[in-house]
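Data first, discussion second: the structure below is written as structure tokens.
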Amino acid sequence: MVTDPMSSRESLEVADYAGILRRRWWIVVAAAAAGLAAAALAVVVLPPTYVSQAVVLVTNPTELDRTAMRISIDTEAQRVRSVEVARRAQQLMGSSESPVDLAENVTVTATAESAILQIDHEGPSATKAQQGARAFATAYLDNRREKGLQRANGQVNNLKAQLDELAQQLKKVPASERAEREIILGQFEALGGKLADAKISALNVASGEIIMDASFPEGPSSPSPMTYLPGGLVVGLMLGVVTALLIDRADKRVRSGHDVARVLKMRVLLDVPPGRRSSALGLLSARSRIGQRFHELCHSLTAILGSGPGNHVIVVTSASPGMGGNIVAANIAATLTRIESNVLLVNADLESRVSMGLLGVQGGDGLAELLLQDRTLDEVEVSSPVIPRLRIIPAGRGTELVSEMLQGDRMSRLVNSLRNRARFIVIDAPSTAFGADAQALAEIADIVVLTAEAHDTRYDQIRDGARQMERVGAPLVGVVVIPQQTEAPMPPPRGVGAVQSMPQPLAAPSEGSETEDDESVAEDDPSTAVFSIVKDMNGSGKSALKG
């Protein structure tokens with residue numbers, strides 16, 4: 001059963017993320033370049049900002065305050081940015097800005113251990129930044145000194161009021177009450193001493209001092225290239241990675257066999273990586289690297305079918321339009337021929353001549369004439385000049401007359417009769433995306449192999465093809481993933497076989513279109529031969545591959 005791709009893609013491994021970044025590297029690079037360019041533009045366009053710093057040492061305003069309370073340095077830092085201090089600083093600067101706007105340009109850093117405040121002021125020029133830092137430091141100390149003086153005067157007035165009250169009490173006590181009068185006099189004397197101290201403290205109010213005058217900035221602090229450029233690069237990289245992940249998540253195309261296994265939970269029989277120079281495949285040599293992997297695939301298929309008596313039908317189809325299924329069918333048939341002497345390939349994809357071209361078979365009567373009962377099996381069956389032991393039933397000439405017969409009883413009876421002629425019958429079936437032909441052929445098959453072209457086949461196409469097989473009870477054994485085939489198939493590797501021309505030949509391959517597997521092909525491989533691929537009669541080039 002095939003799962004929903006979107007739900008399966010929720011869980012990605014680290015390797016999956018690395019693969020996404022490898023595929024979408026250009027998005028990350030473009031976003032990083034854009035972030036760097038935006039940061040460079042900001043450095044050039046944004047107005048410069050200068051910062052000046054003044055340092056203030058905070059002390060208790062009076063001796064009485066020193067014994068009565070401790071300085072809350074955090075509270076004092078907030079007081080520097082208060083509207084009251086900003087209003088006083090505005091007057092000192094002679095600025096037309098509002099106190100609130102001026103306070104927004106001030107940053108205060110408090111050092112509790114040493115009761116030190118660092119006052120930073122931002123300005124559009126070095127002079128205004130220095131004036132602002134100096135004005136806020138002075139305004140803060142003036143405000144604090146004024147508050148301290150108010151507290152000291154309040155204490156003096158409070159002590160005077162207490163002395164007046166004692167004097168009134170003393171008047172009311174008769175002279176005969178000497179003990180009570182002595183108590184009041186003692187209190188009067190104590191309060192008098194406190195009043196004297198309070199008056200002295202009021203005359204010596206000290207709220208703090210500027211220990212470092214506002215500095216003159218040597219250059220603008222913002223925008224700084226050393227800050228903006230790395231920051232723009234980092235932001236661009238982050239946006240690029242996020243964008244790449246989102247775009248990749250929205251992409252519903254298969255990229256590798258790993259995606260099919262992870263997203264659709266389907267068995268991958270073979271995953272062919274793209275070549276360094278070209279992704280075009282052809283009839284692969286038995287000695288090539290990918291050719292050996294097709295040997296492994298065919299051994300797996302024969303193991304699934306079993307080694308007992310009986311002939312077997314293998315349907316090879318593709319999940320999306322294209323020549324991928326035809327190429328895989330031709331290679332499976334050729335490989336089975338190498339390991340099993342009795343193999344028959346039936347070209348049931350009536351609109352395609354790709355598999356016949358790869359095997360060097362010329363056009364002529366074939367499956368269409370068999371279904372129309374105009375020819376017999378012996379008359380239409382031919383041998384491949386490239387793989388001499390491989391027998392082939394071509395698509396035929398009158399394909400337009402039998403398009404509906406692939407789903408009928410006549411085709412079913414024909415396939416059953418072919419079981420007596422070969423150990424393995426490989427049917428090159430149309431794509432499941434074109435209709436129910438592949439589904440009807442799969443119903444009479446022993447196993448079905450589904451082909452997907454990377455970067456072209458979508459998950460829903462594979463899922464739909466698998467469900468078609470499931471509806472008729474066809475045993476879909478797995479998926480073969482190959483690179484997207486946008487070029488003409490490669491000609492067969494060089495060998496010693498005969499060469500036959502074709503009345504409707506295929507498009508000529510582009511020069512230098514070998515895959516990396518061709519490097520490992522031996523010149524004297526006796527199982528393969530060269531055949532000519534030229535432009536077809538109507539000059540359509542690559543379009544001849546499909547009809």
Answer yes or no: does atom CZ of R267 have more than 12 heavy-atom neighbours from other residues, nucleotides or ligands under 6.0 Å? no
When you compare the side chain of [Y] with that of [X], does any pair of heavy atoms fall below 4.5 Å?
| X | Y | answer |
| --- | --- | --- |
| R458 | V254 | no |
| V108 | V106 | yes |
| L46 | Y228 | yes |
| D446 | P475 | no |
| C298 | I332 | yes |
| I393 | V382 | no |
| D464 | Q468 | yes |
| D437 | Q407 | yes |

Looking at every heavy atom in both [X] and [Y], which two are closest together, and how far apart are they?
| X | Y | value |
| --- | --- | --- |
| L406 | L441 | O-CD2, 4.1 Å |
| S431 | T317 | CA-OG1, 3.6 Å |
| A422 | R391 | CB-NH2, 3.5 Å |
| M411 | I444 | O-CD1, 4.3 Å |
| L377 | R421 | CD1-CD, 3.4 Å |
| P483 | L281 | CD-CD1, 4.2 Å |

Supply the atom-to-atom distance [X] [atom1] to [Y] [atom2], rounded to the nearest 0.5 angstrom.
| X | Y | atom1 | atom2 | value |
| --- | --- | --- | --- | --- |
| L345 | T337 | CG | OG1 | 8.5 Å |
| H295 | R338 | NE2 | CZ | 4.5 Å |
| I27 | I247 | CD1 | CD1 | 3.5 Å |
| N326 | D349 | CG | CG | 5.0 Å |
| R293 | D271 | CZ | CG | 6.5 Å |
| R463 | T432 | CZ | OG1 | 12.5 Å |

Applying side-chain contact (heavy atoms from CB on, under 4.5 Å) between I462 and each of T451, V481, L264, V263, report the one that passes.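 Between I462 and the candidates, side-chain contact (heavy atoms from CB on, under 4.5 Å) is satisfied uniquely by L264.
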In L476, L301, V313, the residue satisfying side-chain contact (heavy atoms from CB on, under 4.5 Å) with I447 is L301
Is the backbone N or O of [Y] less than 3.5 Å from a side-chain atom of [X], with the two atoms forming a donor-acceptor pair by type?
| X | Y | value |
| --- | --- | --- |
| N311 | F424 | no |
| E369 | G366 | yes |
| N331 | I327 | yes |

Give a yes-or-no answer on whether the side chains of S412 and D409 include a donor-acceptor pair shorter than 3.5 Å.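 No.
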Would you say S355 and D428 are linked by a side-chain donor-acceptor pair, where the criterion is simply a distance under 3.5 Å? yes
Which pairs with one or both residues in residues 392-407 pass salt bridge (charged side-chain N to carboxylate O under 4.0 Å, His left out), sequence neighbours excluded? D365-R397
Could you check whether R467 pairs with D460 (Lys NZ or Arg NE/NH1/NH2 to Asp/Glu carboxylate O, under 4.0 Å)?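 The answer is no: the pair does not qualify as a salt bridge.
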Using side-chain hydrogen bond (donor to acceptor under 3.5 Å, both in side chains), reason through S320 and T457 one step at a time and then give a plain yes or no. CA-CA 6 Å; S320 61; T457 306; 2.8 Å; yes
